[in-house]
Amino acid sequence: MPERRQNSPDTGAFPTSTIFALSSGMPPAGIGVVRVSGQHAGDVITALTARPLPPPRRAALRRLVDPGNGRLLDEALLLWFPGPATATGEDLAEFHVHGGRAVIAAVLDCLAAQPGLRAAEAGEFTRRALLNGRIDLIEAEALGDLLGAETEAQRRHALLMHEGMLSRAVDAWQATLLALSARLEAVLDFSGEDDVGEGVDISRDLVGLRGELERWLSRPRAERLRDGIRVVLAGPPNAGKSSLFNALLGRDAAIVSEIAGTTRDMIEAPMQIGGHAFVLIDVAGLRDDSADAIELIGIDRARRAVATADVVLWLGEPAQAPAGALRLGAQSDVRSHGDDIDLALSAHSGDGLDALAAQLVARAEQLTPRPDEAALNTRQAALIAEASDAIADALSAGDPLLQAESLRVARGAFDSLTGRAGAEAMFDALFGAFCIGK
């Protein structure tokens, strides 16, 4: 292989160096998968095996030998994927070696010594797939969500997006805009020709397209799936909030005391119920007669948490519950409650906790996308809203020239959505959160 500078990331629009990384879990493991992507991937196979390339996409058992000193590294399965029909759009090699720490370290050290190779940066394999047109930015974001999925709902949604549900919709929207733009350009450029009319009415098509965008924008956002439904336990001091907080978590995360004002700041803890992610938040007791400056700060934070919560579990007088709160009657094992509560329960005995969990799952299903429905993240929603606004401008413009400019703005928003334009800073932020082997 020709000599090339090593350990230096690509700086151009498209990658030129050959990269490698461990793409499976950290050792020890049964198998370690080391990937190599770039123009020298095939050369690496021949260098480490001293044999010709195996047939494409067929596993071959080979002895791996360090070409620098002739020492045996391992006996491994090799896979050779000639580009561009590969995960990265480049020549790609995979070494399936034994997953011990020493074996993997020896293979990685050997690859690092090869001319023309360098260790991959975080997310660089996926970034190359994006730059080489194998996936778009929406699918890359979905892969990041899939890698970080901790609940069944997160996994399902990430797969929908990674398989192109939104990407296909954007392609259809872009095709519609291009066709409408072409009709406008024909009017602007060739209005004197006999076969081109004096004007063109595209309002019906634009109304239909904007309606579809607004339907996407009206869906629940993806952040609730990823970050969890925020559930705030609120009420006056000594209402049993911290006891219920601990009971739901199944551990002593909050201090429980009969002294009023024990909880002074918010305590957050993640949890899963029925395949949904929640963030449970215990806050200071709400009261107006505190003279403690520190407690007053906690009460102010508690009020703000209640105002921004997805679900409020209210453990106080039912008539004082915030609108939409789930009114709970605590300590049902020692107290009776009237008919103005939604659910009676006891953190001590566990009575009613299963019913509360079912209520939380029901609320989560209302606040998150359906299992077969893709949802937008904040970046995607902002760009689709930008395109929708541009289409609204085109509908209100009477001049074809202004209409054409508005449609150009909408097409630009879609290009940014898929990563075809203006997304370099987004690339850095997105792929920096990936693991090295992705």
Qualifying salt bridge (charged side-chain N to carboxylate O under 4.0 Å, His left out) pairs, either residue in residues 223-247, two or more places apart: Arg224-Asp310, Arg230-Glu268
Salt bridge (charged side-chain N to carboxylate O under 4.0 Å, His left out) contacts touching residues 361-378 (sequence neighbours left out): Arg219-Glu373, Arg370-Asp372, Arg370-Glu373
Which residues satisfy the side-chain hydrogen bond (donor to acceptor under 3.5 Å, both in side chains) test with [X], sequence neighbours excluded?
| X | answer |
| --- | --- |
| Arg57 | none |
| His96 | Glu94 |
| Arg210 | Ser388 |
| Thr308 | none |

Trace of the side-chain hydrogen bond (donor to acceptor under 3.5 Å, both in side chains) decision for Ser242 with Asp282: CA-CA 6 Å; Ser242 296; Asp282 187 20; 2.6 Å; yes
Spell out, as yes or no, whether a donor-acceptor pair under 3.5 Å connects the side chain of [X] to the backbone of [Y].
| X | Y | result |
| --- | --- | --- |
| Glu90 | Gly83 | no |
| His162 | Glu139 | yes |
| His157 | Ala375 | yes |
| Asp91 | Pro82 | no |

side-chain contact (heavy atoms from CB on, under 4.5 Å) against [X], all qualifying residues, sequence neighbours excluded:
| X | answer |
| --- | --- |
| Ala325 | Val312, Trp314, Ala321, Pro322 |
| Asn69 | Asp66, Arg71 |
| Ala347 | Ser243, Ala247 |
| Thr151 | Ala153, Gln154, Gln272, Ala277 |

Any Lys/Arg nitrogen of [X] or [Y] sitting under 4.0 Å from an Asp/Glu carboxylate oxygen of the other?
| X | Y | result |
| --- | --- | --- |
| Arg168 | Asp136 | no |
| Arg379 | Glu141 | yes |
| Arg304 | Asp300 | yes |
| Arg127 | Glu124 | no |

Derivation of the side-chain contact (heavy atoms from CB on, under 4.5 Å) call for Val33 and Leu22: CA-CA 6 Å; Val33 180; Leu22 175 67; 5.6 Å; no
Pairing residues for Phe414 by the ring-ring contact (aromatic ring centres under 6.0 Å, His included) criterion, not counting sequence neighbours: Trp173
Closest heavy-atom pair and its distance - [X], [Y]:
| X | Y | answer |
| --- | --- | --- |
| Ala21 | Phe125 | CB-CE1, 3.7 Å |
| Pro67 | Leu48 | CD-CD1, 4.1 Å |
| Ile229 | Ala364 | CG1-CB, 4.1 Å |

Set of residues satisfying salt bridge (Lys or Arg N to Asp or Glu O under 4.0 Å) with respect to Asp109, sequence neighbours excluded: none
Short side-chain donor-acceptor distance under 3.5 Å, [Y] and [X]:
| X | Y | value |
| --- | --- | --- |
| Asp415 | Gln174 | yes |
| Ser346 | Ser332 | no |
| Ser181 | Arg411 | yes |

Arg51 atom CZ: more than 12 heavy-atom contacts under 6.0 Å: no
Heavy-atom side-chain contact between Leu356 and Asp354 under 4.5 Å: no
